[in-house]
Number of protein chains: 2
Amino acid sequence: MPKKDDFDLQEFLPYLLNQAAEASSMAFQKIYKSRYGMLRTEWRVLFHLGIYGRMTANEIGRRSNMHKTKISRAVAKLEERRFLTRERSAGDRRQEMLELTQAGRTAYRELREVAMAYDDELAAQFSPQEQRVLRAALKKLAQTGRAGGPYL
Amino acid sequence: MPKKDDFDLQEFLPYLLNQAAEASSMAFQKIYKSRYGMLRTEWRVLFHLGIYGRMTANEIGRRSNMHKTKISRAVAKLEERRFLTRERSAGDRRQEMLELTQAGRTAYRELREVAMAYDDELAAQFSPQEQRVLRAALKKLAQTGRAGGPYL
DNA sequence: TCTTGTTAGTTACAAAATCAACTGTTAGCA
DNA sequence: TGCTAACAGTTGATTTTGTAACTAACAAGA
């Protein structure tokens, strides 16, 4: 019988995190995909504008850590669907201010309700203590490779 | 001043998990990509065979939760690079037994060392208690949408 | 044995992500 | 002013993924 290796893939954090992320994204994805035909990048842009209000594509990129080409395409899609408008900045004409339309805000609010309910369901599996530890740990891990975090 | 929305994207678990997963995968990805030209699916297949020994593509799929087309392509790539061999099963000639070659085992062992060291580094940010809570929570979340878990 | 249904794995095509090069604009400075 | 470098955002080419349809093999019952 061939010696079984003792490395446990299920304990390897990058792998485990990916499994958890994918599994927990599924149910939410089904909704924004089927209900609005959106992509992941699209709901993210929608949420950034819904939560923080007017901002440029660049700032969305800094906050969300998505590449600017992804954002550019997501913005184009959302504009096409009349969920947002762009306005070239007077001060710096390279950048455009993005802002949700009424329809965009409505979509955002609906999806936000779904997200909140879903998050509650996910979190309900854990004690308040566990939730705190989990969220704090995930935030730390999300800093991996950035200034201030390890591995850079 | 427009009312700032109170939904906190940084607390939304699917989003937070994704951020943590991506950030923490980066450093490891750099290594298997630059050193072996591998894709995520490829190191996963390599690891499954390295850890558990001979198995079929199908079983890798069940364990890793990757779609069979991804696995099929990863296996083809790994075979091309002479990291594994396939052998059609005598009992059921639809399936093929996959097994690492010597070169495959060497690559696996090297990457395993990297993975273990990296995981240690990541985990070092947390107390033993926090680590237990984190890993347990991630395993639960990874079950989301499966039989036995919520949302199905 | 024939039919029907299921399974393992592959392939073809469409959708999406990545990467590099591009446009137009601003900023710094000689 | 005129030159160069940097920056915001877009576009096009390539790579990777996802979806569906496919082949080949098995299984089970009429």
* What about the rings of B:F28 and B:W43, do their centers lie closer together than 6.0 Å? -> yes

* Asked: When the ring centroid of B:F47 is compared with that of B:Y52, is the distance short of 6.0 Å?
  -> no

Check whether any side-chain N or O of [X] sits under 4.0 Å from OP1 or OP2 of [N], and answer yes or no.
{"X": "A:K33", "N": "D:dG18", "answer": "no"}
{"X": "B:K70", "N": "C:dG9", "answer": "no"}
{"X": "B:S72", "N": "C:dT10", "answer": "yes"}
{"X": "B:R86", "N": "C:dT10", "answer": "yes"}

Nucleotide [N], atom [atom2] - distance to [atom1] of [X] in whole Å:
{"X": "A:E96", "N": "C:dT26", "atom1": "CD", "atom2": "C1'", "answer": "16 Å"}
{"X": "B:M26", "N": "C:dA17", "atom1": "CE", "atom2": "C1'", "answer": "12 Å"}
{"X": "B:H67", "N": "D:dA21", "atom1": "NE2", "atom2": "P", "answer": "13 Å"}
{"X": "A:R94", "N": "D:dA5", "atom1": "CZ", "atom2": "C1'", "answer": "11 Å"}
{"X": "A:D92", "N": "D:dC7", "atom1": "CG", "atom2": "C1'", "answer": "8 Å"}
{"X": "B:M38", "N": "D:dT15", "atom1": "CE", "atom2": "P", "answer": "19 Å"}
{"X": "B:Y32", "N": "D:dT16", "atom1": "OH", "atom2": "P", "answer": "12 Å"}
{"X": "B:N58", "N": "C:dT6", "atom1": "CG", "atom2": "C1'", "answer": "12 Å"}

* Asked: Pick the nucleotide of DNA chain C nearest each of A:L39 and B:Q95; which residue has the one closer to the 5' end?
  -> B:Q95

* To do: Between A:G91 and B:K68, name the one whose nearest nucleotide on DNA chain C is closer to the 5' end.
  => B:K68

* A:R88 vs B:R93, nearer the 5' end of DNA chain D by closest nucleotide -> A:R88

* To do: Taking only Lys NZ, Arg NE, NH1 and NH2, and the carboxylate oxygens of Asp or Glu, determine whether B:E113 and B:R109 approach each other closer than 4.0 Å.
  => no

* Taking NZ, NE, NH1 and NH2 as the nitrogens, is one of them in B:E42 or B:R73 under 4.0 Å from a carboxylate oxygen of the other? -> no

* **B:R105 side chain vs B:L100 backbone, donor-acceptor pair below 3.5 Å** => yes

* Would you mind classifying the nucleic acid contact of A:T69 as base, sugar-phosphate or nothing, using non-hydrogen atoms under 4.0 angstrom? => base

* How would you label the contact of A:I71 with the nucleic acid (heavy atoms, under 4.0 Å): base, sugar-phosphate, or nothing? -> nothing

* Asked: Between the base of D:dG12 and the side chain of A:R73, is there any donor-acceptor pair under 3.5 Å?
  -> yes

